[in-house]
Q: 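Pasting a structure below so you can have a look.
All values below come from the heavy atoms of this structure, side chains included, with hydrogens, waters and symmetry mates left out. Everything numeric here is computed off the predicted structure, so don't read it as measured data.
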Amino acid sequence: MTTPLQRYTHYFVGFTLFNVLIQVTRLVKEGTGKTTLAIGDGANDVGMIQEADIGVGISGVEGMQAVMASDFSISQFRFLERLLVVHGHWCYKRIAQMVIIKRLSRFSLSSICYFFYKNIAFGLTLFYFEAFTAFSGQSVYNDWYMLLFNVILTSLPVISLGVFEQDVSAEVCLQFPALYQQGPKNLFFDWYRILGWMGNGLYTSLVIFILNIMIFYNQAFRAEGQTADMAAMGATMFSCIISAVNCQIALTMSHFTWIQHLFVWGSVTTWYLFLLLYGMLPPYYSEDAHKILVEALGPAPIYWCTILLVTVACNLPYLAHISFQRCFNPMDHHIIQEIKYYKKDVEDQHMWRRERSKARQETKIGFTARVDAKIRQLKGKLQRKSSTLVLPNCMPSPC
């Protein structure tokens, strides 16, 4: 039987431990400036889990308080390896390919990598046409085209990229834990890639607009020798954008499933299906797009040749970039992908073991974190020292 003093002592120790865990987590997070992860299985770990950037709760005999306060839940501690090495690596790559700048915080630099690219490619063509027509206010695209661009025609491929993308399999992630270091080293969330995707979007918009203007300006479009009107050129330009941006995301993917094929190529098919059905509506509703695919675009070979030419021209620089990188400056996952594709792990077991041993070498991330913390501590001391020197000089002189 416990006495009241023993019960109070137990509560005091638990409360002290609760505060210590929170203070230690805050000290590590603020002192090193790194992303922190806390894992616990009891009610006394709730504060620590909430204080950390990422909280992992273990459901066990101590209840579900830690699980309810956490971001991720696992049933046993041994599953933490798969959560970090496999799902952590996959999630970082998916977010890095999708997100460009969400906000300048400790997690991410705000837009979406692919969303940013495709909206630059789409939006700048509108600006170019306005400048080409002396800012007349006339839009080159139908209102329904612009409405469906982000809602239906280019949204599903991004979802498939963010959910199903895998640069390497789960087994390879466990065999090569060094792949996880791509996240702490921030190899895919830097300004080089942000500016690269911005430049890619700018290049795509220029190619789409300039080639369409050059092809359709004085070129016969119909069989009778008539040139293309603004509705035909706008639909052609929009078709080029849909084809180019969906082929771009297909080149970005490393792992294809039938769902990804359905979303990517189904988005392109949805555009032509919409153009066909929308053109069948009465002219009161379809306006200048009345039977535009059946009577104007479909029978014209120049329409299909323009889409093919523009799509290839837009994606050729990116294809050349990734080919050059894989040949002359490959990253870790590029080498592993090539090994698995050519089955070198089966044919050359010695080489496979050598690469796995390299992946398990010690890293210097802990050392760099300590150096950064020491530099930050010295800067804080200098700031406090300078503030104490300035304060006496700011005091008013006695009368």
Side-chain angles (χ1 to χ4, degrees), residues 93-101 109 111-129 131-132 140 149-150 153-154 157-158 160-162 165 167 182 187-216 236-256 260-261 263-265 267-268 271 302-335 337-338 341:
K93 290 296 296 292
R94 292 165 182 169
I95 295 174
Q97 288 179 343
M98 287 181 60
V99 177
I100 271 242
I101 311 176
L109 298 171
S111 213
I112 296 190
C113 191
Y114 172 73
F115 268 100
F116 202 54
Y117 153 78
K118 72 183 180 69
N119 283 311
I120 286 179
F122 171 65
L124 287 181
T125 55
L126 291 168
F127 175 77
Y128 300 151
F129 184 80
F132 184 74
V140 68
F149 179 74
N150 277 321
L153 299 177
T154 57
V158 181
S160 65
L161 175 68
E165 174 64 9
D167 56 343
Q182 292 178 345
L187 298 182
F188 298 98
F189 250 172
D190 52 2
W191 283 104
Y192 169 76
R193 291 184 177 272
I194 296 171
L195 296 176
W197 277 102
M198 291 174 62
N200 192 15
L202 177 63
Y203 167 79
T204 301
S205 64
L206 288 171
V207 168
I208 291 174
F209 180 77
I210 293 175
L211 288 183
N212 277 274
I213 291 295
M214 292 176 60
I215 292 173
F216 289 104
T236 306
M237 193 181 300
F238 196 82
S239 300
C240 294
I241 294 175
I242 296 299
S243 299
V245 299
N246 280 287
C247 288
Q248 174 69 72
I249 199 171
L251 291 174
T252 307
M253 295 178 180
S254 302
H255 176 74
F256 274 95
Q260 289 164 295
H261 281 292
F263 284 178
V264 174
W265 312 121
S267 298
V268 180
W271 157 243
I302 192 174
Y303 168 75
W304 303 105
C305 294
T306 301
I307 293 176
L308 180 61
L309 174 63
V310 172
T311 303
V312 172
C314 290
N315 290 282
L316 197 59
Y318 179 78
L319 184 62
H321 166 71
I322 59 177
S323 300
F324 179 84
Q325 186 184 36
R326 284 178 175 270
C327 292
F328 299 102
N329 190 25
M331 304 185 74
D332 294 339
H333 64 281
H334 293 154
I335 299 174
Q337 286 174 351
E338 187 173 347
Y341 180 79

Q: Applying side-chain hydrogen bond (donor to acceptor under 3.5 Å, both in side chains), can you list everything that pairs with Thr125, at least two apart in sequence or on another chain?
A: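 For Thr125, the residues satisfying side-chain hydrogen bond (donor to acceptor under 3.5 Å, both in side chains) (neighbours in sequence not counted) are Tyr141.
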Q: When rounded to the nearest 0.5 angstrom, what distance separates CG in Asn246 from CG in Leu251?
A: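 Reported to 0.5 Å precision, the distance equals 11.0 Å.
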Q: Can you tell me how far the CZ atom of Phe209 sits from the OG1 atom of Thr204, to the nearest 0.5 Å?
A: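 Phe209 CZ to Thr204 OG1: 15.0 Å, rounded to 0.5 Å.
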Q: Would you say the side-chain atoms of Ser205 pair up with the backbone N or O of Leu202, donor to acceptor, closer than 3.5 Å?
A: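 Present.
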Q: Quick one: do Leu211 and Thr306 satisfy side-chain contact (heavy atoms from CB on, under 4.5 Å)? Show the steps, please.
A: CA-CA 8 Å; Leu211 288 183; Thr306 301; 5.9 Å; no
Q: Could you measure the distance from the CG atom of Leu124 to the CD1 atom of Ile120? Nearest 0.5 Å is fine.
A: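 Here the rounded value is 6.5 Å.
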Q: Quick one: pull up CD in Gln325 and CD1 in Ile322 and give me the separation to the nearest 0.5 Å.
A: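 Result: 8.5 Å between the selected atoms.
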Q: Tell me whether the rings of Trp197 and Tyr117 are parallel (<30°), tilted (30 to 60°) or perpendicular (>60°).
A: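 Ring orientation of Trp197 relative to Tyr117: perpendicular.
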Q: Hey, is CZ on Phe127 packed in by over 12 heavy atoms from elsewhere, all under 6.0 Å?
A: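 Open: at most 12 neighbouring heavy atoms sit under 6.0 Å from CZ of Phe127.
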Q: Run the side-chain contact (heavy atoms from CB on, under 4.5 Å) test on Leu153 and Val245 for me, step by step, so that the C-alpha distance in whole Å, both residues' side-chain angles and the decisive distance to 0.1 Å come before the verdict.
A: CA-CA 10 Å; Leu153 299 177; Val245 299; over 6 Å; no
Q: What verdict does the side-chain contact (heavy atoms from CB on, under 4.5 Å) test give for Phe132 and Val140, after you've listed the backbone C-alpha separation in whole Å, the side-chain angles of each residue and the deciding distance to 0.1 Å?
A: CA-CA 11 Å; Phe132 184 74; Val140 68; over 6 Å; no
Q: If I compare all heavy atoms of Trp265 with all of Cys247, which pair ends up nearest, and what's the gap?
A: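 Closest pair (atom of Trp265, atom of Cys247, distance): CZ3-SG, 4.2 Å.
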Q: Of all the heavy-atom pairs spanning Met253 and Leu161, show the shortest one and how long it is.
A: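 Nearest heavy atoms, Met253 then Leu161: CG-CD1, 3.9 Å.
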Q: Between Gln260 and His255 (side chain of the first, backbone of the second, donor and acceptor by atom type, cut-off under 3.5 Å), is there such a pair?
A: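 Side chain of Gln260 to backbone of His255: a pair is present.
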Q: Sort out for me which residue in Val310, Ile307, Val312, Ile208 forms a side-chain contact (heavy atoms from CB on, under 4.5 Å) with Ser243.
A: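 The option that passes is Ile307.
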Q: Atom CZ in Phe149, atom CD1 in Ile242: separation rounded to 0.5 Å?
A: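 The distance works out to 5.5 Å.
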